[in-house]
Amino acid sequence: MERKVRVRFAPSPTGPLHIGGVRTALYNYLFARQLGGTMILRIEDTDQGRFVPGAEAYIIEALSWLGIQFDEGVHVGGPYAPYRQSDRKPLYRQYADQLIADGWAYYAFDTPESLEETRKRYESEKKAFQYDVFTRNSLVNSLTLSAEDVSQRLADNQAYVIRFKMPETGEVVVNDLIRGRVVVHSNLLDDKVLFKSDGMPTYHLANIVDDHLMEISHVIRGEEWLPSAPLHVMLYRALGWESTMPEFAHLPLLLKPDGNGKLSKRDGDRLGFPVFPIQWQDPKTAEISSGYRESGYIPEAVINMLAFLGWNPGTTQEIFSMEELIHAFSIDRISKSGAKFDVEKAKWFNQQYLRQLSAQELAVLFMPVLNEKGIEIELSKLAVICDLVKERLSFVKDLWEQSCFFFTPPTTYDEQLIKKRWKEDTASHLQQIIQILEKHQPFETMLAHDNVVAYIQDNGLNMGQIMNCLRLVIVGAGTGPDLFAIINTIGKEEAIQRINKGIASIKL
RNA sequence: GGUCCGUUCGUCUAGAUGGCCCAGGACGCUAGGUUUUCAUCCUAGAAAUCAGGGGUUCGAAUCCCCUACGGACUACCA
């Protein structure tokens, strides 16, 4: 039973990978790392018609940004190379032939058009057509045609596909690590195409052949594959590989936050959150879909959030580093039902991770934003500002909103606050406060603060009223960190200028 | 239509072998406190008749059955 753990993440390069796919990759990664196994990236590009340039590079970049690493794969090579199915094309045919020779598959010459016609005919009778045990005897294939006819058609290069010959009797059992025993009667399954007329295998064949050849021990994939898992089990049996068949775990789906249905590529920008790890631009339409990276999410937060969509450790701990996830992860704690994505929780996770960053680290992230606005500042000074506002952020991009008053004087003043706090004598009191500030010759914040407080108290004034008005002229609003910390940071001269400007601008 | 999977607060979920669950945590929400302000933080609260109905049992969110609802799949797509 000692089997080396080898798992694969096997996306098809038909577009950007969405977060459901990322979660599948993550669970594979956590599982592999925990058990000292191997994580493989295999590209399943057997459908040349849906190939999208750039998608493969996108997948690699996105997973790399998130810290999901591969031991083998298209981009890093490995002992089972190549890892791209289009590069493995010559491998598959022999297995299809073997299946035919063993009576597990057959040639089918039906054209797509004739099949479509049959399908429509069934539909008009309110029935569903399936190429299976019951219908294959009335269709054009090597089961109904004479041996001579078949060889003639083959010799004539007539287009054909190779279909799996599903047994008429018997039950197929899939033992799923998450769902338990799933049983289906084989005659309910259809004769899936294994090998296409263009010379490429379909997903089903390529997948089984590659998993076998690459010695995959566990197949962890989305629930959308559960219905075809019985076919896969049959394929292992037919190929004589049943004893080394990997174990299956079908993950619950990620659902739309509103309404029903699985999360789709369209939902993200419609509902105001990214469904993609990093930004993607469609090469054909040039349409841009936003990504977590560009939206200001920290990769660790995205990982943490994704890990909890369908899995939990059974404790109350919610913040997990990748290392902790690797340690705590287990397949039997994966839930069976689909999870709706929640933007608010995602934000919360990001906030938690943002707070773990030092002021210095935040400053480094913030600096480019300022430079773009034409603001030059020393990193150390910026770090002081970041430290003052870091508790108020969910995203790095919130930094500007939370700290813009450090860099530019207010141009407008909060109307509500004026109404509430600004009195007739406010201006003259602020004049007095300017005098107090002027007195401090090297400027000392604490002393200035104490003196202002003393002024308010000595004159029997309302603390909240004066302080809020002082804040109003300095910040422009009633928000922000400690007022004297702000004054200290912008400097005495600037503070006095702002007070003067405020007095001049604010009229009752 | 058919096959398969699922169903605990608005959301993510806890809930081995039925009793400690008139259901716990987190996000969000509401209120109070802290703060010269806002945010943070602290405290409290509202929020699931455990999809519904039948059983089994002294006792069920937990076991069984039925129903409903939701989802996936049903391509020479993956």
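Note on naming: letters A, B, ... go to the chains in the order of the sequence lines (proteins, then strands), and numbering restarts at 1 for each one.
With distances taken from any side-chain atom of Glu344(A) to the nucleotides C12(B), C4(B), C27(B), the minimum falls on C27(B).
Comparing the P positions of G45(B) and C50(B) gives a spacing of 22 Å, expressed to the nearest Å. For A48(B) and G1(B), the P atoms lie 33 Å apart once the distance is rounded to whole Å. Spacing between G53(B) and U49(B) at atom C1', rounded to whole Å, works out to 14 Å. Look at the P atom in both U57(B) and G15(B): the space between them is 28 Å, to the nearest Å. For the C1' atom pair drawn from A16(B) and G70(B), the interatomic distance equals 28 Å after rounding to whole Å. Using C1' as the reference atom, C64(B) and A78(B) are 39 Å apart when rounded to the nearest Å. The separation of U62(B) from A26(B), taken at their C1' atoms, amounts to 23 Å, rounded to a whole angstrom. Remark: the separation of the P atoms in G10(B) and A46(B) is 15 Å, to the nearest Å.
Taking atom CE on Met234(A) and atom P on U3(B), their separation rounds to 19 Å, with Å as the unit. For the pair Phe134(A) CZ and U3(B) C1', the interatomic distance rounds to 13 Å; values are reported in whole Å. When rounded to the nearest whole Å, the span between CG of Leu388(A) and P of U35(B) equals 19 Å. Following rounding to the nearest Å, Asp332(A) (CG) and A16(B) (C1') show an atom-to-atom distance of 11 Å. For the pair Arg181(A) CZ and C5(B) P, the interatomic distance rounds to 11 Å; values are reported in whole Å. Rounded to an integer number of Å, the gap from Trp348(A) CH2 to U11(B) P is 19 Å. In this structure, Ile178(A) atom CD1 and U7(B) atom P are separated by 13 Å, rounded to whole Å. Rounded to whole angstrom, the span from the CZ atom of Phe308(A) across to the P atom of C27(B) amounts to 12 Å.
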- Where along nucleotides 67-78 of chain B does protein come under 4.0 Å, by heavy atom, of base (B) or sugar-phosphate alone (S), with - for untouched nucleotides? ---SSSSS-BBB

- Sugar-phosphate or base contact per nucleotide [nucleotides 37-44 of chain B; S, B, -; heavy atom under 4.0 Å]: BBBSS---

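When both distances must be under 3.5 Å, the Watson-Crick or G-U wobble mate of C4(B) is G71(B). A39(B) is unpaired under the criterion used here, namely a Watson-Crick or G-U wobble arrangement in which both key atom distances are under 3.5 Å. Pair check for G59(B) finds none; no Watson-Crick or G-U wobble contact set falls under 3.5 Å. In this structure C21(B) sits in no base pair that meets the Watson-Crick or G-U test at under 3.5 Å. With a 3.5 Å ceiling on both atom-pair distances, the Watson-Crick or G-U wobble partner of U30(B) is A44(B).
The number of heavy atoms from other shown groups lying within 6.0 Å of CD (Gln356(A)) is above 12.
A side-chain N or O of Asp191(A) and one of Tyr106(A) form a donor-acceptor pair less than 3.5 Å apart. Side chains of Tyr292(A) and Asn350(A): no donor on one and acceptor on the other come within 3.5 Å.
A cation-pi arrangement, defined by a distance under 6.0 Å to the six-membered ring centre and an angle within 45 degrees of its axis, is present between Arg153(A) and Phe109(A). Taking the ring centre of Tyr122(A) as origin, the terminal cationic atom of Lys127(A) falls inside the region bounded by 6.0 Å and 45° from the ring axis.
Take the nearest nucleotide of RNA chain B for Leu188(A) and for Arg333(A): the residue whose nucleotide is more 5' is Leu188(A). Two residues, Phe341(A) and Gly314(A), neighbour RNA chain B, and the one matched to the more 5' nucleotide by heavy-atom proximity is Phe341(A).
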- Item | Arg42(A)/Glu44(A) under salt bridge (Lys or Arg N to Asp or Glu O under 4.0 Å): CA gap, chis, key distance, verdict | CA-CA 6 Å; Arg42(A) 187 173 73 216; Glu44(A) 312 225 324; 2.7 Å; yes

- Message: Test salt bridge (Lys or Arg N to Asp or Glu O under 4.0 Å) on Asp342(A) and Lys340(A); report intermediate values, then the result.
- Response: CA-CA 6 Å; Asp342(A) 182 10; Lys340(A) 281 185 183 171; over 6 Å; no

- Verdict with reasoning, Arg8(A) to Asp211(A), per salt bridge (Lys or Arg N to Asp or Glu O under 4.0 Å): CA-CA 8 Å; Arg8(A) 85 293 195 281; Asp211(A) 282 348; 2.8 Å; yes

- Stepwise, does the salt bridge (Lys or Arg N to Asp or Glu O under 4.0 Å) test hold for Arg136(A) with Asp132(A)? CA-CA 6 Å; Arg136(A) 66 184 169 219; Asp132(A) 61 15; over 6 Å; no

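Here Ser335(A) lies in heavy-atom contact (under 4.0 Å) with sugar-phosphate atoms only. Gly310(A) comes within 4.0 angstrom of sugar-phosphate atoms only, judged by non-hydrogen atoms across all strands, and of no base. In this structure, Lys336(A) reaches the sugar-phosphate backbone alone: every heavy-atom distance under 4.0 Å involves primed, P, OP1 or OP2 atoms, never a base.
Side chain of Arg471(A) to backbone of Thr479(A): a donor-acceptor contact under 3.5 angstrom is found.
Here the closest heavy-atom approach between residue Phe349(A) and residue Glu318(A) is recorded as CE2-O, 3.5 Å.
OP1 or OP2 of A14(B) sits under 4.0 Å from a side-chain N or O of Asn312(A).
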